[in-house]
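Whatever order the structure lists them in is the order used to number ligands and atoms, beginning at 1. Along the sequence shown, residues carry numbers from 1. As a basis for the values below, the full set of heavy atoms in this structure was taken, side chains included, without hydrogen atoms, waters or symmetry mates.
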Amino acid sequence: MTRIYDEDLAGGISTRGIHAGQRPEPLAGAIMTPVYLTSTYVQDAFGVNKGYEYARGKNPTREALERNVATLERGRHGFAFSSGMGCLDSIMKLFRAGDHIVCGENVYGGTFRLFDKILRHMGLSFTYVDTRDPQRVEDAMTPATRALLVETPTNPLMRLTDLRAMSDVAKRHDALLIVDNTFATPVFQRPLETGADIVWHSTTKYLNGHSDMIGGIAVVLEDDLATRLQFILNAAGAVPGPFDCWLALRGTKTLAIRMRQHDIAGRAVSQYLVGKLGEDCVIYPGLEYHPQHELAKRQMSGFGGMITLELGTRERARKLLEGVRVFALAESLGGVESLISHPASMTHASVPEDRRAELGISQGMVRLSCGVEDVEDLIADLDGALTS
Ligand SMILES: Cc1ncc(COP(=O)(O)O)c(C=O)c1O
């Protein structure tokens, strides 16, 4: 399995993003990791190989990405998958029928769909709780609970979960703490440092950052857990192609600098929106009145570029979604280009309507992923659509 180079941990987050896991290629010294387009590796002799046998198990381009992201998260082992959902599905193969999982009630719609429509029928059981309150999480734990899964900030409600408190609860119950770090990225939040066991990402989003591939990655510290995940990765085989790994690896080189700009945009655009629409309409953890602003400041070193708006009616949402020009109406987030979406009918359509209503994912809700365009252009774009 892939293990980081310990010496790569020494640098800051920008240095780690650019260099970690990559060494000049031995033939010509190419600074960029080659795309190893191969399915198999020729053996030196019968029973003797260079550590590579078949590319489902290991590929050097994939290893470079795995080492890179594992080093960014300050973990030890990385496991790249063909999508974020493929990654989570493989993580869930650590468990068996009869196991119970506690999960945040507001997670990505696809996470809920995987649990509710597939894994529930294979013998796993799930309890969904408001993980903003550690007591509720504690109360949901049972002797059969094997894992606690959280996403922070959440998609799309931008709620936060106290990761240290979650780690305490998980440890008391001998359960794994699994954190979806897609929104914050290791630039702003590193859950392994506050006691998480597994951190995972949709690399499709900020890590790649250029909206040109689909992928997922999991990172762990502990060797035994890593051995089990490597077994699943190879046995179940939801692995990414080398070119997608290379694209993600190119993306992480600029992750830190992009995140700083996403954060600048998030702060400025949210301030503008508060002025235009009022405090009740704008949800962004960087705003002082966000109910968890203090936790956000303590747990994250930046607030990012994701903003959620509550416009009250589907008609007002439609006007904004169709009125913008720089923001593109599309699913996904975390790319250099700004995107706008309607969670109730797009990313969270798979969450039943009554559950969406309970959670507050309304027809008037709009989600913004602020890209790295000029901030004035983003504000002017929104202003045009909201004023017309
Ligand atoms: C927070 C979060 N986690 C996981 C996923 C799933 O990742 P993928 O689309 O790469 O399968 C998404 C996708 O939107 C997401 O927003």
Side-chain angles (χ1 to χ4, degrees), residues 65 69 73 78-92 103-119 128 131 149-161 163 178-189 191 196 198-219 233 236 238-241 244-245 247-248 251-252 259 262 283 285 300 304-308 328-335 337 339-351 359 361 365-371:
L65 173 66
V69 177
E73 288 284 5
F79 304 90
F81 293 92
S82 52
S83 69
M85 294 324 298
C87 175
L88 181 61
D89 186 52
S90 287
I91 291 170
M92 296 310 288
C103 179
E105 63 180 2
N106 171 218
V107 285
Y108 168 59
T111 295
F112 174 75
R113 180 175 54 195
L114 174 69
F115 292 173
D116 195 58
K117 297 283 186 290
I118 299 179
L119 299 182
Y128 299 94
T131 54
L149 254 112
V150 299
E151 190 178 305
T152 178
T154 62
N155 181 359
L157 296 169
M158 303 305 291
R159 291 178 178 168
L160 271 79
T161 293
L163 290 174
I178 303 172
V179 180
D180 182 341
N181 203 25
T182 299
F183 266 38
T185 84
V187 176
F188 291 149
Q189 171 173 284
I198 303 177
V199 174
W200 70 283
H201 287 265
S202 165
T203 47
T204 315
K205 310 296 187 312
Y206 286 109
L207 295 194
N208 167 269
H210 294 76
S211 309
D212 51 13
M213 50 76 73
I214 294 276
I217 198 158
V219 177
L233 175 143
V239 296
D244 284 348
C245 292
L247 287 170
T252 59
M259 289 312 291
H262 287 299
I283 314 173
M300 300 162 69
M306 299 301 299
I307 302 171
T308 297
L329 174 57
E331 299 233 5
S332 204
L333 61 105
E337 63 290 302
L339 299 181
I340 189 166
S341 68
H342 185 245
S345 64
M346 296 166 79
T347 51
H348 289 68
S350 54
V351 178
L359 286 170
I361 303 175
M365 187 166 274
V366 168
R367 192 188 74 184
L368 303 176
S369 170
C370 299

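- Distance alone, capped at 3.5 Å, is enough to place a donor-acceptor pair between the T182 side chain and the S202 backbone.
- Closest approach of R367 to P156, counting heavy atoms only: CD-CB, 4.1 Å.
- At least one N or O atom of T204 sits closer than 3.5 Å to an N or O atom of ligand 1.
- Using a 4.0 Å heavy-atom cutoff, G86 is absent from the residues neighbouring ligand 1.
- Using modelled atom types and a 3.5 Å distance limit, the side chains of E337 and S211 yield a donor-acceptor pair.
- For ligand 1, the atoms closer than 4.0 angstrom to any heavy atom of N155 are 16 (O).
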Side chain to side chain contact (heavy atoms under 4.5 Å, CB included) between V219 and H201, worked out: CA-CA 9 Å; V219 177; H201 287 265; 5.7 Å; no

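- At distances below 3.5 Å, not a single donor-acceptor pair connects side-chain atoms of S83 with backbone N or O atoms of I214.
- Under a 4.0 Å heavy-atom criterion, T347 is not in contact with ligand 1.
- With S350 contributing its side chain and G109 its backbone, the two residues share a donor-acceptor pair below 3.5 Å.
- Assignment of K205 to the shell around ligand 1 is supported, since a heavy atom sits closer than 4.0 Å.
- Residue S202 has at least one N or O atom closer than 3.5 Å to an N or O atom of ligand 1.
- Once rounded to the nearest 0.5 Å, the distance linking CG of L333 with OG1 of T347 reads 8.5 Å.
- Contact annotation for F81 and ligand 1: no heavy atom of the residue comes within less than 4.0 Å of the ligand.
- Between D180 and ligand 1, a contact under 3.5 Å exists for at least one N or O pair.
- Counting atoms of ligand 1 from 1 in the listed order, those under 4.0 Å from a heavy atom of G84 are 7 (O), 8 (P), 10 (O), 11 (O).
- Scanning all protein heavy atoms for the shortest distance to atom 15 (C) of ligand 1 gives Y108 CG, 3.6 Å.
- Close contacts of ligand 1 with G215, meaning ligand atoms under 4.0 Å from a residue heavy atom, involve 10 (O).
- A donor-acceptor contact shorter than 3.5 Å is absent between the side chain of E105 and the backbone of L359.
- In terms of polar-atom proximity, I214 is not counted as a contact of ligand 1, lacking any N or O under 3.5 Å from an N or O of the ligand.
- No N or O atom of F183 sits closer than 3.5 Å to an N or O atom of ligand 1.
- Annotation for ligand 1: atoms under 4.0 Å from non-hydrogen atoms of T182 are 1 (C), 3 (N).
- In plain terms, the two heavy atoms of G104 and T131 that are nearest each other are CA-CG2, 3.6 Å.
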